[in-house]
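A short worksheet on the structure shown next.
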Amino acid sequence: MAKWLVKTEPSECSIDDFAQKPDASIPWDGVRNYQARNFLRQMAEGDQVFIYHASCKHIGIAGIVRVTKSAYPDPAQFDAESPYHDPKSTHEQPRWQAVDMQFVKKLPKLISLDRLKNMDGLEDLPLVRKGNRLSVMPVSEDEWQRILG
DNA sequence: GCCAACGTTGGC
DNA sequence: GCCAACGTTGGC
């Protein structure tokens with residue numbers, strides 16, 4: 001079972017939004033980057049995912065969710081009213097995918113970006129590399145355990 | 001296919 | 001709010 005990390009602005013969707021509806025599957029949509037999309041496509045039901053809070057006061061990994069539905073066409077791409085609308089996308093050949101995710105747990109204490117940067121064994125994690133903007137990335141089992149450890 | 005211009009991300 | 005880094009767009 002693979003492990004992942006996704007970035008989010010907590011003002012948009014935070015770990016608390018998942019925690020408030022622990023039984024609900026929440027769509028993870030709006031990914032509009034090809035590399036991130038390709039990782040979304042690889043997600044399988046049951047995969048665990050770190051929720052990373054970005055562009056906010058307390059930056060870092062805030063909790064864990066799991067994939068409840070693997071990739072399907074992101075409805076927002078067809079919605080002309082949506083900020084995620086993509087006029088070049090068609091139902092026949094949708095460009096963008098979404099997955100559904102469900103709450104697993106909130107970490108007792110947020111793991112800050114600063115701590116992640118100073119942790120051994122995370123050198124290959126795109127998150128801590130300078131200038132990296134990838135919003136969906138794989139996390140190896142070893143990296144996952146080091147982060148939780 | 002190149003690359004300059006532009007837009008976005010995201011830490012600080 | 002600033003700005004470095006990066007991705008995308010579009011003219012040529």
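Chain A is the first sequence line, chain B the second, and so forth, proteins listed ahead of strands; every chain is numbered from 1. This structure is a prediction, so every number in the text was calculated from the model and none was measured.
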Distance-only side-chain donor-acceptor flag, A:Arg66 / A:Gln102, under 3.5 Å: yes

Selected nucleotide, minimal atom distance to A:Asn33 side chain, candidates B:dG11, C:dA5, C:dG7: C:dG7

Sugar-phosphate only, base, or nothing, as touched by A:Lys117 at under 4.0 Å among non-hydrogen atoms: sugar-phosphate

Exercise: do A:Tyr72 and A:Asp100 side chains pair donor with acceptor under 3.5 Å: yes

Between C:dA4 (P) and A:Asn132 (CG): distance, integer Å: 18 Å

Closest-nucleotide 5' rank along DNA chain C - winner of A:Gln35 and A:Lys88: A:Gln35

Pair A:Trp4-A:Asp47, side-chain donor/acceptor within less than 3.5 Å: yes

Residue A:Lys106 excluded, over 12 heavy atoms near NZ under 6.0 Å: no

Distance test, side-chain N/O of A:Lys7 to OP1/OP2 of B:dG10, below 4.0 Å: yes

Rounded distance (Å) that lies between atom P of C:dG7 and atom CH2 of A:Trp96: 13 Å

Length of the OH-P vector between A:Tyr34 and B:dT8, whole Å: 15 Å

Nucleotide B:dT8, atom P - distance to CD of A:Glu9 in whole Å: 13 Å

Phosphate OP1/OP2 of B:dG11: any A:Tyr52 side-chain N/O under 4.0 Å: yes

Gap between atoms NE2 and P, on A:His53 and B:dG10 respectively (whole Å): 14 Å

A:Ile111 backbone acceptor or donor facing A:His58 side chain under 3.5 Å: no

Length of the NZ-P vector between A:Lys57 and B:dC12, whole Å: 16 Å

Whole angstrom value for the distance that separates P of C:dT8 from CG of A:Asp86: 12 Å

Phosphate OP1/OP2 of C:dA4: any A:Lys130 side-chain N/O under 4.0 Å: no

d(CZ, A:Arg129; C1', C:dA4) in whole Å: 17 Å

